[in-house]
Structures are given as C-alpha cells and as structure tokens.
Amino acid sequence: MRSPQRQPQPLPEDRLRNGGIETPSPRPRIQTHFHSTVSEQKLRRFNILILIFRFASLCFSLAAAIFMFSTSRVSNSPSWYDFDAFRFVAIANAIVALYSLFEVGASVWEISGGTTLFPEVLQVWFDFAHDQVFSYMLVSANSAGTELARSLKDGDTTGTDNNAFSIQSDISIALGFAGFLFLGLSSLLSGFRLASFIVNGSRFHF
C-alpha cells in the first residue's frame, strides 16, 4: 500500500524572504488601481464635456438677451417690452444665462477639486431638475417669440418700416434656440448622472 504523497515544504529561505507570512499577489491591487485611474480619467472628460455645453449655453443665452434688450435703443421703432412674447424671450434668456454661469462655476469646482459643490445627492437632483425646467422655459419663450415675429412680418407692422427691430429680434430668437440646444445636451448628461447615481450610488459609473 502506497503512502500518501507529501506536499513539498517551502524552503527556510523562502519563509525568511516572506517574513514567515504568505504575501498575496500584487496583481489584484494593481488592477484595482488601474481601474480607479481609468474611471477618474473618464469622469474628468465627462465633466469637461458638461462644462463645454454649459459654457456654450451661457454664451448663446447671454447674447440672445443682449440682442433683445438692445432693441429699445433703435429710434422710432417698437421695443421688446412692448410685446409680451419678446419680454418672455428676453427674461427667459437672461435667467438661463445666470443659471448657466452658476453651473459653469460648479463644473469648474468639480473638475479642479474632484467633488461636487453641493452634497452629491443634492447636486445631481439640482442639476437635472433645473436643466429640465429651464429647457422647457427657454424653448417655450423662443417659440412664442418666433410666432410673434412671424405675425408682425405678415401684418407688415414692423418688418418693413422697422427693419432694424425685426432683424435684432430674429437674431435674438435664433441665439435663444442655440442656447436651448446646448442646455438640452447638458440636460441629457445630467440625466445620465442622476440615473447612474440612483442605480449605482455614484454620479458616474461605467
């Protein structure tokens, strides 16, 4: 009857080399660190993309508000505050410009510091909710302004006799729609962050 084979014992020098304790392989730790580094790089690129969209929304909305407000300087022509729809366009774009300015600052804060300006759960809900509300407000204002500008041109009230007013209002509305486009893109990304936070407990997860 054969005796059971014995497992080879580690040599004394091997035990001394390891301090008498078996050390785990460093590979899992290296892989975890590599995965964490890649995730941080993706998060940074994601936040930079949001920053670009919010900065574009700020520029277009601010320009739209300035163009609409400056129609009052045109002599012998109507002004933006003479029409409800144009007042809506001017005020909505001004509000979105202020909101975008705040969000640009919050994005810069997050990129530079790695943390959100508010607590994470509050930040993701704040961004998503305000992006939705202001997007609908901006597209409603610019749609109303488009209908008014078209009706004024069809009625020949300001389209021929007050060409400067008509051009400025058209430019303002067009810039407002561009601002809405970039605000809508920001809303999609903030919605992704919110969904990721609800599912995974983090605002960014791959």
Side-chain angles (χ1 to χ4, degrees), residues 46-74 77-112 115-153 158 162 164-195 197 203:
F46 186 84
N47 289 333
I48 291 175
L49 183 61
I50 293 180
L51 174 61
I52 293 172
F53 288 158
R54 296 202 181 280
F55 183 75
S57 176
L58 166 63
C59 294
F60 283 110
S61 298
L62 181 61
I66 291 174
F67 266 93
M68 187 58 72
F69 286 137
S70 62
T71 58
S72 60
R73 297 184 177 182
V74 180
S77 68
S79 179
W80 61 274
Y81 52 76
D82 295 329
F83 305 95
D84 292 337
F86 287 164
R87 287 200 298 268
F88 190 17
V89 171
I91 295 173
N93 279 283
I95 292 174
V96 170
L98 291 175
Y99 167 71
S100 297
L101 178 61
F102 170 80
E103 286 291 348
V104 166
S107 296
V108 172
W109 175 281
E110 185 172 352
I111 292 171
S112 60
T115 58
T116 54
L117 184 61
F118 299 140
E120 187 174 12
V121 60
L122 179 60
Q123 186 75 59
V124 294
W125 280 106
F126 178 90
D127 293 343
F128 178 74
H130 286 79
D131 284 347
Q132 293 292 315
V133 171
F134 290 140
S135 293
Y136 285 119
M137 180 186 69
L138 195 58
V139 71
S140 299
N142 290 303
S143 297
T146 301
E147 291 298 324
L148 176 60
R150 184 179 302 170
S151 64
L152 291 176
K153 290 179 181 179
T158 61
N162 302 282
F165 174 80
S166 178
I167 292 175
Q168 281 191 251
S169 60
D170 289 344
I171 293 175
S172 175
I173 293 169
L175 291 171
F177 276 116
F180 162 73
L181 173 63
F182 286 102
L183 184 59
L185 293 174
S186 301
S187 178
L188 291 176
L189 297 182
S190 63
F192 171 81
R193 282 170 35 128
L194 176 61
F197 180 82
R203 66 187 182 277

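With rounding to the nearest 0.5 Å, the separation of CG in N47 from CG in L189 is 10.0 Å. A distance of 12.0 Å separates CD1 in I173 from CD in Q168, rounded to the nearest 0.5 Å. Interatomic distance, I111 CD1 to L51 CG, rounded to the nearest 0.5 Å: 4.5 Å. Here the OG atom belonging to S151 is positioned 8.5 Å from the CZ atom belonging to F83, to the nearest 0.5 angstrom. If you take CG on L138 and OH on Y99, they are separated by 12.0 Å, rounding to the nearest 0.5 Å. From F88, atom CZ reaches atom CG of L148 across 13.0 Å, with rounding to the nearest 0.5 Å.
Summarising the geometry of R193 relative to V124, their closest heavy-atom pair is O-CG1, 4.4 Å, with the distance given to 0.1 Å. In plain terms, the two heavy atoms of L58 and A97 that are nearest each other are CD1-O, 3.2 Å. Nearest heavy atoms, V96 versus S61: CG1-OG, 3.3 Å. Of all heavy-atom pairs between D82 and S79, the closest is OD2-N, 2.8 Å.
Here F46 and F192 bring their ring centres to under 6.0 angstrom of each other. Proximity of the aromatic rings of F86 and F69 is defined here by a centroid distance below 6.0 angstrom, and this criterion is not met.
Contact of the L117 side chain with the Q123 side chain is registered, since non-hydrogen atoms from C-beta on lie closer than 4.5 Å. With contacts defined as side-chain heavy-atom distances shorter than 4.5 Å, the pair V89/W80 does not qualify. A heavy-atom distance below 4.5 Å is found between the side chains of I95 and I91.
Applying the side chain to side chain donor-acceptor pair (under 3.5 Å) rule to S172 yields no partners; only residues at least two apart in sequence or on another chain are considered. When the side chain to side chain donor-acceptor pair (under 3.5 Å) test is applied to S100, the partners found at least two apart in sequence or on another chain are S57.
For residues 134-149, no pair satisfies side chain to side chain donor-acceptor pair (under 3.5 Å), with sequence neighbours left out. Sorted by first and then second residue, the salt bridge (charged side-chain N to carboxylate O under 4.0 Å, His left out) pairs with a member in residues 165-189 read K153-D170; sequence neighbours excluded. Every pair passing salt bridge (charged side-chain N to carboxylate O under 4.0 Å, His left out) that includes a residue from residues 53-68 is listed here, sequence neighbours excluded: R54-E103, R54-D131.
Between the side chains of Q132 and S187, at least one donor N or O lies within less than 3.5 Å of an accepting N or O.
Ring orientation note: the planes of F126 and F102 are nearly perpendicular, at an angle over 60° on the 30°/60° scale.
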Indicate every side-chain donor-acceptor pair of residues 175-186 with a distance under 3.5 Å to a residue at least two apart or in another chain.
from	atom 1	to	atom 2	distance (Å)
S186	OG	F182	O	3.0

